[in-house]
There are 2 protein chains.
Amino acid sequence: MLKISKKADYALMALQHIASVQFGDVTPGRVVNTKEIAEEYNIPLELLAKVLQVLSKQGLIESHNGPKGGYLLARSARQITIAQIIESIEGPLAITDCSHEKDGDFCMQREHCNIRTPLLKIQDSIYQLLNNMTLGDMMGGTPLITIQSPSAQGVER
Amino acid sequence: MLKISKKADYALMALQHIASVQFGDVTPGRVVNTKEIAEEYNIPLELLAKVLQVLSKQGLIESHNGPKGGYLLARSARQITIAQIIESIEGPLAITDCSHEKDGDFCMQREHCNIRTPLLKIQDSIYQLLNNMTLGDMMGGTPLITIQSPSAQGVER
DNA sequence: TGATCTCCGATCAATATGGTCGTACTAAGA
DNA sequence: TCTTAGTACGACCATATTGATCGGAGATCA
Ligand code: FES
Ligand code: FES
């Protein structure tokens, strides 16, 4: 039902946490280790570890080895979008499994499919939505989503 | 990865088909039976049947029994939104599994969860998106989604 | 050198999903 | 009224995805 996976969920929490530590008034620039996050949010340690590994491989965070090691944001919180985070974990956003189909075209219904185009548009809109929101936005009390309410003039209802 | 289930996919195709038959120039008001749709779009017959049953139980389409039976839209194509169709099949839209949590609150991370509010906003936006688009919109060549482009100023990247 | 971290790959269990079958019920038409 | 073409319904299995676990290897610092 259009659900985000738990791993991606954890990724969001973790990044959010790291960001708030780095940006925070106390000990800015401090590295955060896996255990700290896992305990804070009740996330299974090993699973979180794996998630963080992926994130670092994708270049969203930097890892520092050895004792006193841990993770650090690779860039500013305002330059990391929700879309990037989710896609790092779950792969490219695909609302239907034939969204990003190669020319090979293995979708049985493709030939007469009457809903492909509109669905792709929807997918695109969702992507925009996720890509317009950054980690920074999630932290601050700043207005989060600019799409729906007043800006939705032009569209009805 | 934020995917729509195949069943919902089939539901969309089927409704779209029924709508286009009813709205079409030829044989308007004709009932459409399961087999016809299944063959047209290469959908496994029994599965489609089950999907249609659910849709009719949800009141989106009417079923007519017996020979020469089949399905008919219950209301105008413009009054059926994509959100309604998808939710009929997959249940209420929940971007994360603790979205619609009762007060019982079984989510382990709820206590310190730092991403709940923003995620709920995103979910809401997606819902708006799906609920602003009707079957009618999908059929006609009318501009489908009006949300993204202009309103997305303000934030960007 | 040893303790404390991250890194990586393999693996298992639970759940959700896609798909199938068999039977009962209903209405049209011969 | 009997047959037939259709839906209604529920149980069922197979497979894919996801969540979660384990074990060891490599790095860094005291
Ligand atoms: S479902 Fe694959 S192309 Fe429409
Ligand atoms: S994940 Fe359940 S409340 Fe945030």
Side-chain angles (χ1 to χ4, degrees), chain A residues 1-14 18 30-39 41-72 74 86 89-91 94 96-98 106-109, chain B residues 1-11 13-14 18 30-39 41-72 74 86 89-91 94-98 106-109:
Chain A
M1 1 140 166
L2 277 178
K3 198 168 11 183
I4 282 182
S5 77
K6 274 238 169 79
K7 282 188 201 170
D9 231 34
Y10 295 157
L12 287 172
M13 284 187 228
I18 296 178
R30 188 185 119 236
V31 295
V32 184
N33 69 10
T34 312
K35 197 170 163 195
E36 173 181 334
I37 303 179
E39 286 177 349
Y41 301 101
N42 291 303
I43 305 177
L45 181 65
E46 284 85 6
L47 186 52
L48 177 62
K50 178 164 291 192
V51 168
L52 290 177
Q53 285 160 27
V54 174
L55 288 180
S56 99
K57 189 178 287 183
Q58 297 287 332
L60 290 181
I61 54 181
E62 287 176 4
S63 79
H64 290 256
N65 258 352
K68 287 198 54 180
Y71 292 97
L72 222 56
I86 296 184
I89 301 286
E90 311 198 331
T96 167
D97 39 345
C98 54
F106 296 113
C107 175
M108 277 296 103
Q109 5 312 121
Chain B
M1 359 138 166
L2 278 178
K3 198 168 9 185
I4 282 181
S5 77
K6 276 243 169 73
K7 283 187 201 171
D9 231 34
Y10 295 157
M13 284 188 229
I18 297 178
R30 188 185 119 232
V31 295
V32 184
N33 68 10
T34 312
K35 198 169 161 196
E36 173 181 335
I37 304 179
E39 286 176 350
Y41 301 100
N42 291 302
I43 305 177
L45 181 65
E46 285 84 5
L47 187 51
L48 177 62
K50 177 164 293 192
V51 168
L52 289 178
Q53 284 160 27
V54 174
L55 289 180
S56 101
K57 190 177 288 181
Q58 296 287 332
L60 291 182
I61 55 181
E62 286 176 5
S63 80
H64 290 255
N65 259 353
K68 287 200 54 178
Y71 293 96
L72 223 56
I86 296 184
I89 302 285
E90 311 198 329
I95 208 179
T96 167
D97 39 347
C98 55
F106 296 113
C107 176
M108 278 295 104
Q109 343 349 98

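Order of the sequence lines fixes the chain letters, A, B, ..., with proteins taken first and strands second; residue numbering starts at 1 for each chain.
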Q | Whole-Å distance separating the CD atom of A:Glu62 from the P atom of C:dT6 | A | 15 Å

Q.
Please pick, from D:dT21, D:dG6, D:dA8, the nucleotide with the shortest atom-to-atom distance to any side-chain atom of A:Lys50.
A. D:dT21

Q) Between A:Gln53 (CD) and D:dA27 (P), how many Å, whole number? A) 15 Å

Q) For A:Ala14 and A:Leu52, which heavy atoms make the closest approach, and how far apart are they? A) CB-CD2, 4.0 Å

Q) OP1 or OP2 of D:dA8 sitting under 4.0 Å from any side-chain N/O of B:Ser63? A) yes

**Q.** Length of the line joining B:Asn42:CG and C:dG18:P, which is rounded to integer Å
**A.** 17 Å

Q: Measure from the side chain of A:Lys6, starting at C-beta and using heavy atoms only, and say which of D:dA20, C:dG18, D:dA8 lies closest.
A: D:dA20

Q: Please state whether the phosphate of D:dG6, meaning OP1 or OP2, lies under 4.0 angstrom from any side-chain nitrogen or oxygen of B:Asn33.
A: yes

Q: Under 4.0 Å between any heavy atoms, over every strand shown, what does B:Lys35 touch: base, sugar-phosphate, or nothing? Just pick one.
A: nothing

**Q.** Shortest non-hydrogen contact from A:Lys35 toward A:Leu45
**A.** CA-CD1, 3.8 Å

Q.
Which is more 5' along DNA chain C, the nucleotide nearest B:Pro67 or the one nearest B:Pro44? Just name the residue.
A. B:Pro44

Q.
From CD1 of A:Ile43 over to P of D:dG19, roughly how many Å is that when rounded to an integer?
A. 12 Å

**Q.** D:dA20 OP1/OP2 closer than 4.0 Å to side-chain N/O of A:Tyr10
**A.** yes

Q: Return the value, rounded to whole Å, for the distance between atom NZ of B:Lys7 and atom P of C:dG18.
A: 6 Å

Q.
In this structure, how many angstroms lie between the C1' atom of D:dC12 and the CD atom of B:Glu46, rounded?
A. 13 Å

**Q.** Of A:Ile37, A:Leu72, A:Val31, the residue whose pairing with A:Ile18 passes side chain to side chain contact (heavy atoms under 4.5 Å, CB included)
**A.** A:Ile37

Q: Just call it for A:Lys68: base, sugar-phosphate, or nothing, with non-hydrogen atoms closer than 4.0 Å on any strand.
A: nothing

Q: Using atom CG of B:Leu47 as one end and atom P of C:dT17 as the other, report the distance to the nearest whole Å.
A: 13 Å

Q: Check the distance between D:dT18's C1' and A:Glu90's CD and give it to me in whole angstrom.
A: 10 Å

Q. More 5' along DNA chain C: A:Thr34 or A:Lys3, using each one's nearest nucleotide?
A. A:Thr34

(Q) Tell me the closest heavy-atom pair linking B:Leu47 and B:Lys7, and the distance in Å. (A) CD1-CE, 4.2 Å

Q. Does B:Ala8 offer a backbone N or O that forms a donor-acceptor pair with the side chain of B:Glu90 under 3.5 Å?
A. no

